[in-house]
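Some notes on the structure that comes next.
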Amino acid sequence: PHPPMRRSLFWFLVLVAAAAGALTALYVLPVGVALGPCLKDWTSPSSYQPRASPLASATLPLGDGAVKVCYGRPSARGRLVFGYLVPWDRLWRFGANEPTRLFTSVPLDLAGLAVPPGRYALYAVPGPERWEIAVNRSTFHWGLDFSPAVLAKEVGRVTVPSTVTARFVEAFTLRLLAEAPGRAALVAEWERTRVVIPLAVRP
């Protein structure tokens, strides 16, 4: 390219790098300051196209801090979900697109698993009566990346029961519900399935 074009390309790349650095910096800040902005993973081509599963979030004050989840929200659209679209007993990204991310500025007891303040990805292994919930430290990857490098960052897994809902839930939904001082629940609902993950502030 001609010199003016080279200069334009150079400054364009500088601006892109600066923007990427600014977004990454949001994840470097302490969770209590940034509290997990819901950012798209722009390294994936899917992020440059309209999404069938919109990015959603839920936030709840807890103890002296807060917790937040960011997740992709797929819809059933006439399909059978659990046991079909989402197979039983197989690792699932607990949503769509990017991994579902949990941000906490307080130390958590997540259904018996100790989770220090920080940023995490949540996965699930659905079953007809019980689900495994996996907590992982890797958040900079696409949601379907279950590579050894990602799985090696797993913090641990817990098992929680699933129940049948009276009403049909069209779009995958995560809610954070306060239950008592220092105690809450992360509730997942889709189709006619509900899973409740207890949360509590650890001393």
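Note that the structure is a prediction, hence the values are computed from the model and not measured. Any value given below was found using the heavy atoms of this structure, including those in side chains, with hydrogens, waters and symmetry copies removed.
- Every pair tested for salt bridge (charged side-chain N to carboxylate O under 4.0 Å, His left out) that includes a residue from residues 52-62 fails, sequence neighbours excluded, so the list is empty.
- For residues 142-169, the ring pair (Phe, Tyr, Trp, His ring centres under 6.0 Å) pairs, not counting sequence neighbours, are Tyr123-Phe146.
- For Tyr48, the ring pair (Phe, Tyr, Trp, His ring centres under 6.0 Å) criterion is met by Trp42, not counting sequence neighbours.
- Here Glu154 pairs with Arg157 under the salt bridge (charged side-chain N to carboxylate O under 4.0 Å, His left out) rule; sequence neighbours left out.
- Pairs of residues two or more places apart, or lying in two chains, never qualify as salt bridge (charged side-chain N to carboxylate O under 4.0 Å, His left out) while including a residue from residues 57-66.
- Contact annotation: the side chain of Thr193 never approaches that of Thr163 to less than 4.5 Å [non-hydrogen atoms, C-beta and beyond].
- In this structure, Arg101 CZ and Leu55 CG are separated by 6.0 Å, a value rounded to the nearest 0.5 Å.
- Nearest heavy atoms, Asn136 versus Ser138: OD1-N, 2.7 Å.
- In this model, no donor atom of one side chain and acceptor atom of the other lie less than 3.5 Å apart for Thr100 and Arg93.
- A continuous path of ILVMFWY side-chain contacts below 4.5 Å connects Val155 to Val201, so both sit in one hydrophobic cluster.
- Atom CG in Leu174 sits 4.0 Å away from atom CZ in Phe172 (nearest 0.5 Å).
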(request) Verify side chain to side chain contact (heavy atoms under 4.5 Å, CB included) between Glu132 and Val158, making sure each step is shown before the conclusion. (result) CA-CA 6 Å; Glu132 271 189 352; Val158 298; over 6 Å; no
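- Distance check, rounded to the nearest 0.5 Å: CD1 of Ile133 to OG1 of Thr159 gives 8.5 Å.
- In this structure, Pro74 and Ala96 approach most closely via the heavy-atom pair CD-CB, 3.9 Å.
- Within the 4.5 Å cutoff, the side chain of Glu129 has no heavy atoms near those of the Pro161 side chain.
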Under 3.5 Å, side-chain donor or acceptor atoms of residues 181-191 against the rest of the protein: list the pairs with distances, not counting sequence neighbours.
unit_1, atom_1, unit_2, atom_2, d
Glu189, OE1, Arg175, NH2, 3.3
Glu189, OE2, Arg175, NH2, 3.4
Glu189, OE2, Arg194, NE, 2.6
Glu189, OE2, Arg194, NH2, 2.7
Trp190, NE1, Glu170, O, 2.9
Glu191, OE1, Phe82, N, 3.4
Glu191, OE2, Val81, N, 2.8

(request) Carefully, step by step, assess Trp131 and Ile197 under the rule side chain to side chain contact (heavy atoms under 4.5 Å, CB included). (result) CA-CA 10 Å; Trp131 283 30; Ile197 306 167; over 6 Å; no
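- Sorted by first and then second residue, the salt bridge (charged side-chain N to carboxylate O under 4.0 Å, His left out) pairs involving residues 74-90 (not counting sequence neighbours) form an empty list.
- Not counting sequence neighbours, the partners of Asp145 by the side-chain hydrogen bond (donor to acceptor under 3.5 Å, both in side chains) test are Ser147.
- By the 4.5 Å heavy-atom criterion applied to side chains, Pro128 and Trp88 are counted as neighbours.
- Residues meeting the salt bridge (charged side-chain N to carboxylate O under 4.0 Å, His left out) test with Arg51, sequence neighbours left out: Glu98.
- Scanning both residues, Pro99 and Ala121, for their nearest heavy atoms gives CB-CB, 3.9 Å.
- Applying the side chain to side chain contact (heavy atoms under 4.5 Å, CB included) test to Pro107 and every residue at least two apart in sequence or in another chain returns Pro117, Arg202.
- Across Asn97 and Ser53, no two heavy atoms sit closer than the pair ND2-O, 3.1 Å.
- Closest approach of Pro126 and Val86 over heavy atoms only: CG-CG1, 3.8 Å.
- Under a hydrophobic clustering in which Ile, Leu, Val, Met, Phe, Trp and Tyr are joined whenever their side-chain heavy atoms come within less than 4.5 Å, directly or via other members, Leu60 and Leu102 fall into the same cluster.
- In this view, Pro198 and Ala111, Val160 satisfy the side chain to side chain contact (heavy atoms under 4.5 Å, CB included) rule, not counting sequence neighbours.
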(request) Run the numbers on Leu151 and Leu91 for side chain to side chain contact (heavy atoms under 4.5 Å, CB included), then give the verdict. (result) CA-CA 11 Å; Leu151 295 179; Leu91 196 62; 4.0 Å; yes
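- Cluster annotation: Val150 is not connected to Val115 through the hydrophobic network of ILVMFWY side chains, with a link wherever side-chain heavy atoms come within less than 4.5 Å.
- With sequence neighbours excluded, no residue forms a side-chain hydrogen bond (donor to acceptor under 3.5 Å, both in side chains) with Ser162.
- Nearest heavy-atom pair across Thr104 and Val106 is OG1-O, 2.6 Å.
- A continuous path of ILVMFWY side-chain contacts below 4.5 Å connects Val69 to Leu113, so both sit in one hydrophobic cluster.
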(request) Carefully, step by step, assess Leu108 and Leu62 under the rule side chain to side chain contact (heavy atoms under 4.5 Å, CB included). (result) CA-CA 10 Å; Leu108 286 180; Leu62 190 64; 3.6 Å; yes
